[in-house]
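Everything below concerns the one structure shown next.
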There are 2 protein chains.
Amino acid sequence: MTTAKRDTYTPETLLSVAVQVFIERGYDGTSMEHLSKAAGISKSSIYHHVSGKEELLRRAVSRALDELFGILDEEHAREGSAAERLEYVVRRMVEVLMAELPYVTLLLRVRGNTGTERWALERRRAFDHRVAALLKDAAAEGDVRADVEVRLATRLVFGMINSIVEWYRPEGPDGRSGAGGAGEREVVDAVARLVFGGLRKAS
Amino acid sequence: MTTAKRDTYTPETLLSVAVQVFIERGYDGTSMEHLSKAAGISKSSIYHHVSGKEELLRRAVSRALDELFGILDEEHAREGSAAERLEYVVRRMVEVLMAELPYVTLLLRVRGNTGTERWALERRRAFDHRVAALLKDAAAEGDVRADVEVRLATRLVFGMINSIVEWYRPEGPDGRSGAGGAGEREVVDAVARLVFGGLRKAS
């Protein structure tokens, strides 16, 4: 069994196992021994792929960050009014969060004790600033309310979006998610409606 | 010094220290030894006050839960339209979260390995259901949008509110908080505006 597993191991599958272990035990609480056991391969096999657990962390959070920053380069994030671009980015953020759930979950849990963690926090902040800038532009263009300070509004909107990692589980084979049946499209629409229109019924 | 400290120790100050340690190390990762060191009193002195760390956890999360459930008994949470009561409850939730920051933070991190943790999760769920019921009533009364499913909307609104523990720090002696100067009143107003009206400018 061990041999069979080793044969089929790729950096991609190792990364996926490592992310699960990091989420369950915390990055600080994870040793190479834990990773070796979870992956079912020897430590030296892991070192064949990566230099250590920090490289695995870096690859994992890079995957989430690349997807998030990638949104900002998409056509609809670059064209149209700031409010339209902002709505597009919010919707895509929710999509990326659900599509890359373990990677984004890990990114959101990073606390900053190692160089890689501090780098990840810095990149997260840079992404937040890009979205905050969009919000500021939308307010300047008169499409977004000006009575909530931009940084505070950004924090609260990110808070709502990021909280999805706490309960969203991908759709099972029966087409229903583990979270009361809310599908991806339903979650994206709900976030967009609440972030832009709020709970109050449009009169 | 140790004697002086012991003399001034009360169950209240011990609880406050324990909550900080639980938040920093995680409840599972905290031993009586850690609590003893952080409090600067012997383990036997701690056992003089409480039966162990689980009792400290129970007292800490009870404090947060009592404050939260207390909101629902307040006059404005019981009178008026469901939408008015809901807005009152949302504002008060944010106030309680900021006033009882460490206790609510701990409550939100509880994961459910011990009996006390499972009890706390159950109580949190019961509180969520009370708020979801208010939202449902407000939708039935026609004051809240019906195009976002109640449970999903409740999750997202709680997500926004609960995320405040990640960045809000109480006001310092200079009257500015550690989080870019957003004061309590500003945060409460921002949440109420975004939850009910969203980002879009009222036309």
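Everything numeric in this text was worked out from a predicted model, so none of it was measured. All chains are named by letter (A, B, ...) in the order of the sequence lines, taking the proteins before the strands, and each is independently numbered beginning at 1.
- Using a 4.0 Å cut-off between charged nitrogen and carboxylate oxygen, B:R111 and A:E166 count as a salt-bridge pair.
- Atom CZ of B:R63 is surrounded by more than 12 heavy atoms from other residues, nucleotides or ligands within 6.0 Å.
- If you measure heavy-atom distances from B:I161 to chain A, you find no contacts under 4.5 Å at all.
- In this structure, the side chains of A:D143 and B:L199 stay at 4.5 Å or more apart for every pair of heavy atoms.
- Expressed to the nearest 0.5 Å, how far CG of B:D189 lies from CD of A:E149 amounts to 13.0 Å.
- Only the side chain of A:L135 has a heavy atom closer than 4.5 Å to any heavy atom of chain B.
- Contact annotation: the side chain of B:L194 never approaches that of A:V195 to less than 4.5 Å [non-hydrogen atoms, C-beta and beyond].
- Here the straight-line distance linking atom CG of B:L152 with atom OH of A:Y168 works out to 11.0 Å at 0.5 Å rounding.
- Looking at every heavy atom in both residues, A:K201 comes nearest to B:G142 through CD-O, 3.1 Å.
- When atom types are taken as modelled, the side chain of A:R193 and the backbone of B:V148 share no donor-acceptor pair closer than 3.5 angstrom.
- Although no hydrogens or angles enter the test, the distance criterion places a donor-acceptor pair under 3.5 Å between the side chain of B:R145 and the main chain of A:G198.
- Interface remark: A:D147 contributes backbone and side-chain atoms alike to the contact with chain B (heavy atom separation under 4.5 Å).
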